Each structure stands twice: as structure tokens, then as C-alpha cells.
Amino acid sequence: MSACARTAGCALALLLAGGVPLRAQDGAGSSAAILLQLAPAPRPLALGGAYAALGSDAYALFYNPARLAGAGRAVGAAYRAYPAGVAAGSLAGVLPFGRFSLALGVHYLDLGEVEVLEPDPAYAGQRGRPTGESVGGGEVVASAGAAVAVTPVLAIGVAGKVLHTGLAGESDAGVAADVGASAGLFGGRLRVGAALQNLGPAMGPGRAAPLPRTLRAGAALELGAAGPGIHTAFAAEAVHLEGRASLAAGLELGYRDGRGLGLLARAGFDARARERDAASPVTVGGGVVLGGFRVDYAYRAVGPLGGTHHFGFTFRDGT
């Protein structure tokens with residue numbers, strides 16, 4: 001496949017909100033598997049990605065597998081629309097067995113189709129001309145995780161991943177692992193969590209690159225009754241990725257009446273986005289709850305490209 005085709009595909013990938021920095025295509029600090037840096041569901045996105053201590057649903061699998069120990073029986077699905085026809089989606093579920101919990105999840109990224117251009121000799125190669133061909137690309141990550149509540153306070157977890165990436169006719173596959181721990185204090189109202197993610201060999205179509213090894217450490221505070229009434233949750237997290245440390249934080253406000261109907265509002269801040277050309281560091285979202293069902297939405301602006309819209313639902317048995 002021509003260099004122009006690969007360039008077109010890479011440029012399309014860089015349109016992702018909250019994806020990888022523009023410098024990620026060459027030089028130091030580049031990483032493979034863009035998908036590993038994207039939020040799999042609207043709730044963690046709306047909270048700025050601060051989910052290593054707060055997450056207590058099936059999507060904890062993608063942030064801190066230890067939090068699966070408190071998730072209960074749950075399933076979730078999500079879809080995210082990006083500019084230029086790029087899309088992503090996910091499906092995850094968790095099943096508890098006493099102190100143990102098992103989870104499975106799939107997260108995919110579809111880069112769509114782009115037209116292949118070749119250098120136009122009429123303009124000394126400074127412009128491209130269509131070849132009539134088009135190329136596409138995408139990534140898929142399949143994850144499996146397990147967690148155990150070692151004590152009523154402490155939980156640990158592990159997760160394994162199989163990754164497949166493709167771009168402009170070339171593809172590659174790889175594996176990775178995550179490890180995490182979580183502790184609950186003051187009756188579980190204050191939780192701390194840490195996870196080391198994406199431990200695995202370099203991979204990538206055409207040219208191998210290191211996986212985006214990530215270290216997360218954070219705390220989450222929840223106030224309000226678990227049943228009807230006002231509920232507030234705040235999470236703050238330090239994230240170390242590609243040799244740089246940053247802060248993520250999120251706030252969730254909710255109300256649920258005695259019939260199980262509830263409304264949620266969320267806002268988040270992701271300091272990593274300030275180093276990028278398009279994605280806003282501020283994220284917002286909300287949700288509607290009906291018994292064990294919850295429908296979520298999140299939005300992130302990407303400057304002149306517009307914005308990304310993330311939709312999803314979760315179901316938790318017994319809530």
C-alpha cells in the first residue's frame with residue numbers, strides 16, 4: 001500500500017477526540033493501539049476519565065479490574081460517534097461469585113474509509129490526486145478480568161487483553177495485561193484505587209510501537225443515600241502515560257425518587273487534552289435511571305472538527 005494511503009489513514013485516526021497527540025506518528029513518545037486511550041463508555045468520559053477508584057460497573061474492567069469486586073451483576077453497551085465517519089463501540093459484562101467477580105468486554109474502533117491519493121507530478125508532488133482506491137482501518141480489544149475481595153476493605157484484580165489493529169491493508173495482533181487494587185474506607189464512602197495498564201510487547205501494523213503503558217492512582221468520595229434522594233460523587237485521579245503525568249477529575253450529581261426514577265448530571269476535566277490540538281479538556285454528560293436500567297450520554301468538543309457524542313446503557317441486577 002502506498003505511503004499516501006497510510007498517511008491518509010493515520011490522519012483520519014488523529015481526528016479522534018481524546019485520542020493520541022499529533023506527535024504520536026513519529027519520534028519518541030509514540031504508542032500503538034489508539035483504542036487503549038479512548039473511553040469505552042459515556043460515564044467515564046463525562047467524568048474526565050477519573051474512573052480507577054469510582055468505577056463500580058462492568059466498565060471498571062477497562063480502568064481498574066480490582067473495582068469489579070464491587071460491581072455486582074451488570075452489563076453495558078456503548079457507541080461513540082466521531083467526526084469524519086469514525087466510530088467506536090463497546091460491550092461489557094460482569095458476574096459475581098461471592099467474593100470473586102469475572103468480567104468480559106470488547107471495545108472496537110472503526111476508522112471508516114478514506115480516499116487514497118498519490119503525488120501529482122503536475123504540481124511537483126506537492127499536491128495529491130485521487131487514485132480511485134479507498135482504504136480503511138480499525139482496532140479491536142477483547143478483555144477478560146477477575147477480581148477478588150481479599151478483605152471487606154481490600155480488593156485486587158487482573159485483566160488480560162487480546163488486541164488487533166489494522167490500517168491501510170496492514171494488520172497486527174498482540175496481548176497485554178492490567179493489574180489493580182482498590183480499598184474502601186469509612187464504610188465505602190471513600191475509595192482509593194490504583195492500576196497499571198497495558199503491560200505487553202510492542203505491536204502495530206507496518207511498524208511496531210510500544211503500547212501506551214498507563215499508571216492510574218485516584219480517590220473517589222460518594223455522599224448521599226444509596227436509595228432515594230440526592231447523591232453526589234467526586235473523583236480525582238493522577239495518570240502517568242507516555243512519560244507524562246496529568247490530572248483527571250469528575251463530578252456526578254444525581255437524584256432518585258422512591259419509584260427508582262433518577263436523573264444524573266456529570267462534568268469532568270482531563271488535563272492530558274490540554275496538550276493536544278483539538279480535544280477540549282472539559283467533558284460533560286448525564287443520564288436517566290429507571291430501576292436497574294441507566295441510559296448515559298457524554299459530549300466532548302474538538303474545536304473546528306465539532307464534537308463527539310457518546311451514548312450507552314447499563315443494567316445492574318438488584319438495583
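Keep in mind that this is a model prediction, so the values were computed, not measured.
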Problem set entry | Residue pairs fulfilling salt bridge (charged side-chain N to carboxylate O under 4.0 Å, His left out) with at least one residue in residues 154-168, sequence neighbours excluded |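 The answer is K161-D178.
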For this session: Sort and list the pairs that fulfil salt bridge (charged side-chain N to carboxylate O under 4.0 Å, His left out) and have at least one residue in residues 52-72, not counting sequence neighbours.
Result: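 As it turns out, the salt bridge (charged side-chain N to carboxylate O under 4.0 Å, His left out) pairs with a partner in residues 52-72, which skip direct neighbours, are D57-R294.
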Whether the side chain of [X] engages the backbone of [Y] through a donor-acceptor N/O pair (distance < 3.5 Å, no angle test) should be reported.
X: E252; Y: L47; answer: no
X: T283; Y: L45; answer: yes
X: N198; Y: L211; answer: no
X: R191; Y: G55; answer: no
X: N64; Y: A181; answer: yes

Does [X] reach the side chain of [Y], with side-chain heavy atoms less than 4.5 Å apart?
X: I34; Y: L111; value: no
X: R256; Y: H231; value: no
X: P42; Y: Y297; value: no
X: T308; Y: Y82; value: yes
X: E222; Y: L54; value: yes
X: L109; Y: V141; value: no
X: V140; Y: V162; value: no

Problem set entry | Partners passing salt bridge (charged side-chain N to carboxylate O under 4.0 Å, His left out) against D110 (at least two apart in sequence or in another chain) |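 Testing D110 for salt bridge (charged side-chain N to carboxylate O under 4.0 Å, His left out), a comparison that skips the adjacent residues, returns none.
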Problem set entry | For R216, side-chain contact (heavy atoms from CB on, under 4.5 Å) partners two or more places apart |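 Per chain and number, R216 pairs via side-chain contact (heavy atoms from CB on, under 4.5 Å) with A52, Y63, Q197, T214, E237, V239.
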Problem set entry | Test ring pair (Phe, Tyr, Trp, His ring centres under 6.0 Å) applied to Y299 - qualifying residues, sequence neighbours left out |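 So Y299 forms a ring pair (Phe, Tyr, Trp, His ring centres under 6.0 Å) with H309.
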Exercise. So, for T165 and A33, which heavy atoms are closest and what is the spacing to 0.1 Å?
Worked result: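 Scanning both residues completely, I find the closest heavy atoms to be CG2-CA, 4.5 Å.
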Exercise. Shortest non-hydrogen contact from A147 to A69?
Worked result: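 For A147 versus A69, the nearest heavy atoms are CB-N, 3.6 Å.
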Below 3.5 Å, can you tabulate the donor-acceptor pairs from side chains in residues 90-100 to any protein atom, sequence neighbours excluded?
residue	atom	partner	partner atom	Å
S90	OG	P40	O	2.6
S90	OG	Y59	OH	2.9
R99	NH1	A149	O	2.9

